[in-house]
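Working notes, structure below.
Since the structure is predicted, the reported quantities are computational estimates derived from the model, not experimental observations.
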Amino acid sequence: LPTLGAGDEWTSLTYGNGVFVAVARNSSKSAYSVNNGGSWTEVDISIGDDDWIDLEYGNTTFVAISGSSHTIKYSKDNGVTWVEGTLDTSLDSTVNNWTQIQYGNGRFVAISSDERSSVYSFDGVTWYESNLFVKGTLLEYGNGVFVLLNVEDGVCCQSEDGVNWRRLNGDIANYAALTFTFDSVLNKGYFVTIDDSLNTTKISTGSKAFARARIDNTKVTEIGMQQTGSGYAVPPTFTIIDPNNSQEVVTQVRTGEGV
């Protein structure tokens, strides 16, 4: 990073609200730039050195996680000052080794390489334990879902809310990175992993569609989409079943950019 002091291992950089913010590993330092990286101001993020491993922005808040302690810190003034977040008291204090953090669907999700590996927060301040008991190494958000991979055993899990997780079919071994991309030709987004030999694997998944029917005088008068779903390669099938209908309902499903 330009104009930053030597001797620090700057591990994560993110952008939000017109500001770049970076954090350093094995250090008490973070830094921010308000002129597109032309110059940087260093600040103290912690009292002692810590292993700041990843950084994310969302909901007007920067959040940093430590890879060697039970610590999550946040900044609501563009990286100028930092405050320690509050973790759920039910989460064992020995859960350290945070590995990655992502923001999506109105919340932050952080994972750890320890057994109880996932926490979530809506504001970056207060954090709650999820229902995941799988070690997490890599995390990405796309198509309305969080996808987690465990580098040790190849387990792949997904969650729409960061609270409830389910395991995807088929384990993925020997991966080194995970990202989300969008295919403009197929109009479909998917996750991609890459291993040490540069072999790639696609993971096609996304959030489920959820609709609610309005009933007036025993008739369906409106269908409201609460969640549109995502990751469609072709338009999904929409079916209304009513044993008392007087005629079949005619519907047309349209998708745009996989949604």
Evaluation steps, side-chain contact (heavy atoms from CB on, under 4.5 Å), between Arg107 and Tyr141: CA-CA 11 Å; Arg107 67 206 66 199; Tyr141 179 82; over 6 Å; no
Determine, step by step, whether Phe108 and Ile101 satisfy the side-chain contact (heavy atoms from CB on, under 4.5 Å) criterion, reporting the C-alpha distance in whole Å, the side-chain angles of both residues, the deciding distance to 0.1 Å, and the verdict. CA-CA 7 Å; Phe108 294 93; Ile101 183 172; 4.1 Å; yes
Given side-chain contact (heavy atoms from CB on, under 4.5 Å), test Ser75 with Val21 step by step and report yes or no. CA-CA 10 Å; Ser75 172; Val21 175; over 6 Å; no
Walk me through it: do Val145 and Val147 pass the test side-chain contact (heavy atoms from CB on, under 4.5 Å)? CA-CA 6 Å; Val145 296; Val147 169; 4.2 Å; yes
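Listed by chain and residue number, Asn150, Val151 satisfy the side chain to side chain contact (heavy atoms under 4.5 Å, CB included) test with Thr137 (two or more places apart in sequence, or in another chain). Not counting sequence neighbours, the partners of Tyr15 by the side chain to side chain contact (heavy atoms under 4.5 Å, CB included) test are Phe20.
Counting only N and O atoms by type, the side chains of Asn199 and Thr201 include no donor and acceptor under 3.5 Å apart. Side-chain polar atoms of Trp82 and Ser30 form a donor-acceptor pair below 3.5 angstrom.
Between the Thr200 side chain and the Thr193 main chain, no donor and acceptor come within less than 3.5 Å of each other. Between the side chain of Ser113 and the main chain of Gly136, no donor-acceptor pair closer than 3.5 Å is present. Between the Thr11 side chain and the Trp52 main chain, a donor and an acceptor come within less than 3.5 Å of each other. Between the side chain of Asn26 and the backbone N or O of Glu9, no donor-acceptor pair lies under 3.5 Å.
Counting heavy atoms from C-beta outward, Leu148 and Trp165 have side chains that approach closer than 4.5 Å. Using a 4.5 Å cut-off on side-chain heavy atoms (C-beta onward), Tyr128 and Val163 make no contact. Ile72 is listed as a side-chain neighbour of Val63, based on a closest heavy-atom distance under 4.5 Å. Counting heavy atoms from C-beta on, the side chains of Asp123 and Tyr74 never come closer than 4.5 Å.
The minimum heavy-atom distance linking Gly162 with Ser130 is given by the pair O-CB, 3.2 Å. Heavy atoms only, all atoms of each residue included: Trp10 and Glu42 are closest at CZ2-OE2, 4.2 Å. Across Thr99 and Asp54, no two heavy atoms sit closer than the pair O-CB, 4.1 Å. Minimum interatomic distance between Ala22 and Leu13 (heavy atoms only, all atoms of both residues): CB-CD1, 4.1 Å. Taking both residues in full, the closest heavy atoms of Val34 and Tyr32 are given as CG1-CD1, 4.2 Å, listed atom of the first, atom of the second, then distance.
For the atom pair CG of Leu178 and CD of Gln102, the computed distance is 8.5 Å after rounding to the nearest 0.5 Å. Taking NZ of Lys135 as the start and OG of Ser118 as the end, the distance is 15.5 Å to the nearest 0.5 Å. Atom CG of residue Leu139 and atom CD1 of residue Ile111 lie 4.5 Å apart, to the nearest 0.5 angstrom. Here the CG atom belonging to Asn131 is positioned 8.5 Å from the CG atom belonging to Asp161, to the nearest 0.5 angstrom. We find the OH-OH distance between Tyr103 and Tyr120 to be 14.5 Å, quoted to the nearest 0.5 Å. Summarising the geometry, atom CG belonging to Asn164 is positioned 6.5 Å from atom OG belonging to Ser159; distances are rounded to the nearest 0.5 Å.
For residues 184-205, every residue pair satisfying the ring-ring contact (aromatic ring centres under 6.0 Å, His included) rule, not counting sequence neighbours, is listed here: Phe180-Phe191.
The one candidate from Asn59, Thr60, Thr61 that meets the side chain to side chain donor-acceptor pair (under 3.5 Å) condition with Lys76 is Thr61.
One hydrophobic cluster, built from ILVMFWY side chains closer than 4.5 Å, holds both Phe62 and Val80.
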